[in-house]
Amino acid sequence: MYLEIITPDKKVFAGEVTSAQFPGANGSFEVLDSHAPLISTLEQGRIRVTTNKSQEFFTVDGGVVEVLNNKIIVLAESVIE
């Protein structure tokens, strides 16, 4: 799957992932390969990105995630460093 995490200021992450976990407005959820189409709002919390080589974590201050055809786009209000 291809994942992009974008804020109004910059592109924070772009690349191939094997899974991604998100802090959804109704609870956390995970997206795996060939996931059904989905749009969800995000609460403040941590996104866990798993690639073939490692895991990365990004703390977002809310936003929206869209999953469609093995492409995930996160429009985050901000990423807290």
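Not measured: the values here are computed from a predicted model. Here, residue 1 is the first one in the sequence, and each next residue gets the next number.
Across all non-hydrogen atoms, the minimal contact from Ile80 to Gln44 is CD1-NE2, 3.4 Å. When all heavy atoms are compared, the tightest approach of Pro23 to Arg46 is CD-O, 3.5 Å.
Residues Val49 and Phe57 are not in side-chain contact: their nearest non-hydrogen atoms beyond the backbone lie 4.5 Å or more apart. Counting heavy atoms from C-beta on, the side chains of Ser40 and Phe29 come closer than 4.5 Å.
Separating the CE atom in Met1 from the OG1 atom in Thr51 is a distance of 11.0 Å, to the nearest 0.5 Å. Ile5 contributes atom CD1, which lies 11.5 Å from atom NZ of Lys10 (distance to the nearest 0.5 angstrom). Here the OG1-CZ distance, from Thr7 to Phe58, works out to 11.5 Å after rounding to the nearest 0.5 Å.
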Let me check something: any side-chain donor-acceptor pairs from residues 63-78 under 3.5 Å, sequence neighbours excluded? List them with distances.
{"unit_1": "Asn70", "atom_1": "OD1", "unit_2": "Ser34", "atom_2": "N", "d": "2.7"}
{"unit_1": "Asn70", "atom_1": "ND2", "unit_2": "Asp33", "atom_2": "OD1", "d": "3.0"}

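One hydrophobic cluster, built from ILVMFWY side chains closer than 4.5 Å, holds both Ile47 and Leu38. Leu42 and Ile6 sit in two unconnected hydrophobic clusters of ILVMFWY residues. Membership requires side-chain heavy atoms under 4.5 Å apart, directly or through other members.
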Side chain to side chain contact (heavy atoms under 4.5 Å, CB included) for Phe13 and Glu56? Distances and angles first, verdict last.
CA-CA 10 Å; Phe13 178 89; Glu56 293 185 56; 3.5 Å; yes
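Salt bridge Glu30/Arg48: present, at least one basic N to carboxylate O contact under 4.0 Å.
Thr18 places a side-chain N or O within 3.5 Å of a backbone atom of Thr50 that can act as its donor or acceptor partner.
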